[in-house]
Amino acid sequence: MEYNFSSIEKKWQKKWDDNQTFKTSDDYSKPKFYALVEFPYPSGQGLHVGHPRSYTALDIVSRKKRLQGYNVLYPMGWDAFGLPTENFAIKNKIHPKIVTENNVARFKEQLKSLGFSFDWSKEINTTDPEYFKWTQWIFLKLFEKDLAYKKEMAVNWCTSCKCVLANEEVVNGVCERCGSEVVRKVKSQWMLKITEYAERLINDLDDVDYIERVKIQQKNWIGKSTGAEVDFTTTAEDKLTVFTTRPDTLFGATYMVMSPEHPYLEKWADKIENNDEIKAYQVEANKKSDFERTELAKDKTGVCIKGVKAINPVNGKEIPIYISDYVLMSYGTGAIMAVPAHDTRDFDFAKAFDLPIIEVVAGGDVQNEAFTDVATGKLVNSGFLDGLEVAEAKKAIIEWLTKEGLGKEKVNYKLRDWVFSRQRYWGEPIPIVHCEHCGYVPVDEKELPLKLPDIDSYEPTENGESPLANIDEWVNTTCPKCGAPAKRETDTMPQWAGSSWYFLRYIDPTNKDAIASKEAINYWTPVDWYNGGMEHTTLHLLYSRFWHKFLYDIGVVPTKEPYAKRTSHGMILGENGEKMSKSRGNVVNPDDIVNEYGADTMRLYEMFIGDFEKSAPWSQQGIKGCSRFLERIWALNDALVEGESYSEKLEKAFHKTIKKVTEDIEQLKFNTAIAAIMALLNDIYKAGKINKAEFKTLIVLLNPFAPHITEEMWEMAGFEGMLNQTEWPSYDEAKTVDNEVEIAIQINGKIKDKLVVAADISQADCEAVVKELDSVKPLLDGKQIVKVIYVPKKLINIVVK
RNA sequence: GCGGAUGUGGCGGAAUUGGCAGACGCGCCAGAUUUAGGUUCUGGUGGGAGACCGUGGGGGUUCAAGUCCCUUCAUCCGCACCA
């Protein structure tokens, strides 16, 4: 009978649906396994071939875990708020809600056509008011705990989206989404104090099983550095405080630099003699975006402040103060002490402005190059620090500063607070009311969800306000506290809000009284295995860890970390090895593959394509190999025989394959698991027949990868029930070991021959046999045997002289 | 500049972590089946006529190196004046 994948796949997809085969059990006595993949943004383009790579991987894990007796939660939902939908809505004059519905319907159909074992009864959608009610609720809790605040600040402003972007959303100076120019603009924004969690976000990485590069990337992003804050007195009254990681070099500070935005410049205006020059520099600096400032201004520029000097607290020396845009207001204190001898930037600046360079750590040639090594070298020209090593000097100077009241130890982070406002319609409304008397007042929890009003125009206003600002009847309300007329917050939340906690909602998606029931949360958290893209490491993954820690602090969740294990899949590239994109014309549509080869082949190929964690180019030829493999599997229907037809060799091959596949799936090595099954099939073909027990084992092993064909073959062979209700095969360790092995015979490390021997042959016996071989004996003639290395089951190496 | 990876046949990729390099698949070659093409099946397939040579290049450690050490080159990704 022909392998008609199309009808087989439809048949089983319907059956699974009708029977709710993959519905998660409420039996909390069973061991649980929570498998999670990043839920997609339902874009108008439909599913990309990249999506199924992640989904298939954890579908394989989920299906295997179910067969192993776990209660598995493998859910799917929609991260549906966001700009592309809104832009499409504006352009085509369709409500974003409708656009979302259409896109979701398409995605869902595509996902179902691939046979994923999602529990669709747990489906969620971030744009559903019953969902975002809880997104808003979490925001109110953050507000209540002072972790949400409003602040006037320079923000990244996308000129095309007319919207604020988080730092993370600005890539190379342009908007990550639309590619338009991003400029700086001062606006009042809602912020979340993620910085308050910086230390815990670093430390708790020790307790989770994330792939190393994710941990490293998150740590780098948070950017912890330990140093000291030091107060410099000035000839103006104010102390100028700096942050430095090298307090040990304090004696070498020959000038100071303030950021052009430093508030002291205004304050000191009457003491500064060259205000015009400074103003001009500020204007220049302000014109540049952050990108230009860092990208183009490698040559140091700046202006010396005339009329105010600073005093180095360690030696009382008067030193000049400059302003320069290489010092950022947003990091540390907005001012630095400059030690040109031991910092490359300070060195460049000192050279440009002809400032003195004083060596305080010996070991370099500081007149020609900054000496930044901290591991070697001892302090010089540094008074009481002389002779100490850098680490000792750090300790000593911090002690001294603390004692003298001139400074203290200090930790700084690169991580900034999270800009949480968007001037857009299609997002969760921020549930805050602004009252002239009471300030920012939270909307009463009972009022949630605070829904979006239906409006005709979703365009942001020219002055950058949210479209909601135009809806008077929505904006105007009363203060929940004092009852006076008040105005609603018109900004909405960023797309990251809904995805920061979605894995909790899957647990109990229809709960009206809480994010999820306590019992369910206690059972299901943390997520056991979360797979997603590397691009979400510093955005979604960090944000959701932050929210989860907050929810832990307020007693909503029982675990400090949301995800016990995090892995990441590589990209699927176009056939030409480049990233798939419309403009490159190398996009592969998953629908076409499913139509031409079937879902099982598609799934198999995406897993066989290469190392799961690395990117790999698509190949139309390669997919044929997987299609052929399934055809060969299917053909076994005709090779099926009754009774015990085991050859011992084939039996061992089975046990080895069970072991390999079982282990490989856990280790993300899907490609080699499939290769092992292919090799086993080759062995079966050599035998020419297969008995029922072997057949059963084979199709169960293959089932997680190719669920439709294996269910069909299960049914055709007359096994009981559905395959997905059976058990994962076990193996006998003893039967994975061969009795006879081929070992390599080496003379001086070069292979001269191979020999089949009993696996447990002794070295002496083996040596005796080997030395008499025709291929070996002449080579030993007249030589002295220095030693013999024998590695059981591997090789024997005779070293001669 | 800093951080992270990667480099193995014509191609995608394996290699139990120091022990027979190239599993598995694609492609290719030959044979069988077929009127033929396609499909399918069987066999072969790193290079070299050979001794031998082969995991980006060079050096080293070792009985033994894709794997460890030093050095160098190339490509990709992330961050980027973070004091």
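In this text, all values refer to a predicted model and were calculated from it rather than measured experimentally. Just so it is clear: chains get the letters A, B, ... in the order the sequence lines come, proteins before strands, and each one is counted from 1.
Using a cutoff of 4.0 Å between basic side-chain nitrogens and carboxylate oxygens, A:K408 and A:E229 are scored as salt-bridged. A salt bridge links A:D738 to A:K656: at least one charged side-chain nitrogen sits closer than 4.0 Å to a carboxylate oxygen. Using a cutoff of 4.0 Å between basic side-chain nitrogens and carboxylate oxygens, A:K669 and A:E613 are not scored as salt-bridged.
Across B:rC28 and B:rU34, the matching P atoms stand 23 Å from one another, rounded to whole Å. B:rC79 and B:rC11 have their P atoms separated by 32 Å, given to the nearest Å. For the C1' atoms, the distance linking B:rG22 with B:rG9 amounts to 7 Å, nearest Å. Comparing B:rA14 with B:rG58, their C1' atoms sit 27 Å apart, to the nearest whole Å. A gap of 10 Å separates the P atoms of B:rG66 and B:rC20, to the nearest Å. Going from the P atom of B:rG38 to that of B:rG44 covers 22 Å, rounded to whole Å. Taking atom C1' on both B:rG13 and B:rA21, the two are 13 Å apart, rounded to the nearest angstrom. Between B:rG54 and B:rG78, the two C1' atoms lie 35 Å apart (nearest whole Å).
Counting non-hydrogen atoms under 4.0 angstrom, A:T344 reaches nothing in the nucleic acid. Within 4.0 Å of A:E212, counting heavy atoms only, lies no atom of the nucleic acid at all. If you check every strand for non-hydrogen atoms under 4.0 Å, A:K669 touches sugar and phosphate atoms only. Within 4.0 Å of A:L795, counting heavy atoms only, lies at least one base atom of the nucleic acid. Using a 4.0 Å heavy-atom distance criterion, A:N412 is classed as making no nucleic acid contact. Within the 4.0 angstrom heavy-atom criterion, only backbone atoms of the sugar-phosphate kind lie near A:K752; the bases stay farther away. Residue A:T245 is classed as a sugar-phosphate contact, given heavy-atom separations below 4.0 Å to backbone atoms only.
In textbook terms, a nucleotide whose glycosidic angle is within 90° of 0 is syn, while B:rG59, being further out, is anti. Using a 90° window around 0 for the glycosidic torsion, B:rU39 falls outside it and is classed as anti.
With contacts defined as side-chain heavy-atom distances shorter than 4.5 Å, the pair A:E38/A:H536 qualifies. The shortest distance between side-chain heavy atoms of A:I684 and A:F654 falls below 4.5 Å.
Close to B:rG25, at under 4.0 Å from its OP1 or OP2, lies a side-chain N or O of A:N682. Look at A:Q621 and you'll find a side-chain N or O under 4.0 angstrom from OP1 or OP2 of B:rG27. Within the structure, a side-chain polar atom (N or O) of A:R632 is placed less than 4.0 Å from OP1 or OP2 of B:rC41. Within the 4.0 Å cut-off from OP1 or OP2 of B:rU62, not a single side-chain nitrogen or oxygen of A:K787 is found. In terms of phosphate contacts, A:N220 brings no side-chain nitrogen or oxygen within less than 4.0 Å of OP1 or OP2 of B:rG4. Of the side-chain N and O atoms in A:S225, one or more sit less than 4.0 angstrom from OP1 or OP2 of B:rA83. Distances shorter than 4.0 Å separate some side-chain N or O of A:R628 from OP1 or OP2 on B:rU40. Within the 4.0 Å cut-off from OP1 or OP2 of B:rG78, not a single side-chain nitrogen or oxygen of A:K414 is found.
For B:rC28, the paired base is B:rG44 (Watson-Crick or G-U wobble, both distances below 3.5 Å). Shown here, B:rA64 forms no base pair; nothing in the strands shown gives a Watson-Crick or G-U wobble contact with both key distances under 3.5 Å. Nucleotide B:rA23 is matched to nothing when pairs are restricted to Watson-Crick or G-U wobble geometry with both distances under 3.5 angstrom. Nucleotide B:rA49 is matched to nothing when pairs are restricted to Watson-Crick or G-U wobble geometry with both distances under 3.5 angstrom. Across every strand in view, B:rG3 sits in a pair with B:rC77 that passes the Watson-Crick or G-U test at under 3.5 angstrom. With a cut-off of 3.5 Å on both Watson-Crick or G-U wobble distances, the partner of B:rU55 is given as none. In a base pair of the Watson-Crick type (N1 to N3 plus N6-O4 or O6-N4) or a G-U wobble (N1-O2 and O6-N3), with each distance short of 3.5 Å, B:rU34 is matched with no nucleotide. In a base pair of the Watson-Crick type (N1 to N3 plus N6-O4 or O6-N4) or a G-U wobble (N1-O2 and O6-N3), with each distance short of 3.5 Å, B:rU16 is matched with no nucleotide.
Taking only side-chain atoms of A:N797, from C-beta outward, the nucleotide of B:rC20, B:rG19, B:rG13 with the closest atom is B:rG19. Out of B:rC24, B:rG12, B:rG13, the shortest distance to the side chain of A:M678 is found at B:rC24. If you check B:rC63, B:rC53, B:rA83 against the side chain of A:L328, the one that comes closest is B:rA83. The side chain of A:K794 sits closest to B:rU16 out of B:rU16, B:rC81, B:rA83. Comparing B:rG3, B:rG13, B:rA15 by their nearest atom to the side chain of A:N671 picks out B:rG13. Comparing B:rC20, B:rU6, B:rG4 against the side chain of A:E742 picks out B:rC20 as the nearest. When each of B:rC20, B:rC24, B:rG3 is scored by its nearest atom to the side-chain atoms of A:K754, the top-ranked nucleotide is B:rC20. Side chain of A:I789, nearest nucleotide from B:rC20, B:rA15, B:rG19: B:rG19. Comparing B:rC79, B:rC24, B:rA14 by their closest approach to the side chain of A:W221 singles out B:rC79. Nearest to the side chain of A:F608, among B:rG13, B:rC81, B:rG12, sits B:rG12.
The residue among A:I674 and A:P617 whose nearest nucleotide of RNA chain B lies closer to the 5′ end is A:P617. Mapping A:V741 and A:Q217 onto RNA chain B by nearest heavy atom places A:V741 at the nucleotide closer to the 5' end.
The distance between atom CE of A:M337 and atom C1' of B:rA83, rounded to the nearest whole Å, is 9 Å. The nearest whole Å value for the distance from the CZ atom in A:F349 to the P atom in B:rA83 is 18 Å. The distance between atom CG of A:D343 and atom C1' of B:rC2, rounded to the nearest whole Å, is 14 Å. Taking atom CD1 on A:I743 and atom P on B:rU16, their separation rounds to 20 Å, with Å as the unit. We find that CD of A:Q218 is positioned 16 Å from P of B:rG4, with the value rounded to whole Å.
The shortest heavy-atom contact between A:N748 and A:N797 is N-OD1, 3.4 Å.
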(request) Could you give me the CA-CA distance, side-chain angles and deciding distance for A:N312 and A:Y255, then say whether side chain to side chain donor-acceptor pair (under 3.5 Å) is met? (result) CA-CA 9 Å; A:N312 189 334; A:Y255 64 101; over 6 Å; no
(request) Give the intermediate values and the outcome of ring-ring contact (aromatic ring centres under 6.0 Å, His included) for residues A:Y605 and A:W618. (result) CA-CA 9 Å; A:Y605 177 62; A:W618 185 267; 5.0 Å; yes
(request) In sequence, state the C-alpha distance, the side-chain angles, and the governing distance for A:F349 and A:Y322, and then conclude on ring-ring contact (aromatic ring centres under 6.0 Å, His included). (result) CA-CA 10 Å; A:F349 191 88; A:Y322 284 76; 5.3 Å; yes
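With A:V769 as reference, A:L755 is the one residue of A:I745, A:V757, A:I796, A:L755 to meet the side-chain contact (heavy atoms from CB on, under 4.5 Å) rule.
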